[in-house]
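Heads up: the structure comes next, in structure tokens.
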Amino acid sequence: MVTPLTLATYNSPLGDIIILQSGKQIHICEFSDRQERVSRQIRQHYQGHHIAPGPMDATVTEAFDDYFSGNSSALNAIDAVPMGTDFERKVWQTLRNIPPGALRNYGSIAEELNSAARAVGRANGRNPVSLIVPCHRVIGADGSLTGYAGGLHRKEWLLKHEGALLNL
């Protein structure tokens, strides 16, 4: 039996966020101005699933509320089940281990995974559960805020919110 999925929207200080969930498990978490990316992910990974609009799970809503109210660790409690290759899932798990307020660069993650920085960057860019898998905590080797699918203005806001950037 195919698991029914709910498509919900969360209103954040950075704009609406689209959430594809099955119960408390999050499959997709993207900013709403990235609708084409969401549609592509649904076509690629969730064909045949029944997807209906609905409310977010209350515990997921509470975690997002807590995060945007200042508890930078609140999203750690969310169960994310992103679809991707084995390598992408390994990168995403590594990203989940970066604590709020900390930054890593592509090279250090690549070294940890015995891979290449470009491969890590590609996997980072394909992260379908933005915020929950904190790809915004990855920066360039020179300290620059390189790439973020949600936009560099959001990456900067998130890193300031988490205390990783003080005066950018």
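Note that the numbering runs from 1 along the sequence shown for the chain. None of these values were measured; they are calculated from a predicted model. What's counted below: heavy atoms across the whole structure, side chains too, no hydrogens, waters or symmetry copies.
- Side-chain N or O atoms of K90 include none that pairs as donor or acceptor with a backbone N or O of T85 at under 3.5 Å.
- At a cut-off of 3.5 Å, with distance as the only test, no side-chain donor of E156 or H136 sits close to an acceptor on the other residue.
- V81 and I28 fall into different hydrophobic clusters, where Ile, Leu, Val, Met, Phe, Trp and Tyr side chains are chained together by heavy-atom contacts under 4.5 Å.
- Here the CD1 atom belonging to I26 is positioned 8.5 Å from the CG atom belonging to D79, to the nearest 0.5 angstrom.
- Looking at R154 and D33, a side-chain N of the basic residue comes within less than 4.0 Å of a carboxylate O on the acidic one, giving a salt bridge.
- Under the 4.5 Å side-chain criterion, counting only non-hydrogen atoms from C-beta, I42 is in contact with I51.
- With hydrogens and angles ignored, the 3.5 Å screen pairs no side-chain donor or acceptor of N105 with any backbone N or O of G143.
- Side-chain N or O atoms of Q21 include one that pairs as donor or acceptor with a backbone N or O of P55 at under 3.5 Å.
- Residues meeting the side chain to side chain donor-acceptor pair (under 3.5 Å) test with S115, sequence neighbours left out: none.
- Counted within 6.0 Å of CD on E111, heavy atoms from surrounding residues, nucleotides or ligands total 12 or fewer; the atom is thus considered open.
- Looking at E30 and Q41, their side chains do bring a donor and an acceptor atom within 3.5 Å of each other.
- Judged by distance alone, with hydrogens and angles left aside, the side-chain atoms of R137 form no donor-acceptor pair with the main-chain N or O of G101 at under 3.5 Å.
- Residues meeting the ring pair (Phe, Tyr, Trp, His ring centres under 6.0 Å) test with F64, sequence neighbours left out: Y10.
- Between the side chains of H161 and S72, no donor-acceptor pair of N or O atoms lies under 3.5 Å.
- Side chain of W92 to main chain of V129: no donor-acceptor pair is present (N/O by atom type, distance under 3.5 Å, no hydrogens or angles).
- A donor atom on one side chain and an acceptor atom on the other are found under 3.5 Å apart for Y67 and E162.
- No donor-acceptor pair closer than 3.5 Å links the side chain of S108 to the backbone N or O of R104.
- You'll find the side chain of L14 reaches within 4.5 Å of the side chain of W157, heavy atoms only.
- When the shell of 6.0 Å around CZ of R118 is examined, it contains 12 or fewer heavy atoms from other residues, nucleotides or ligands.
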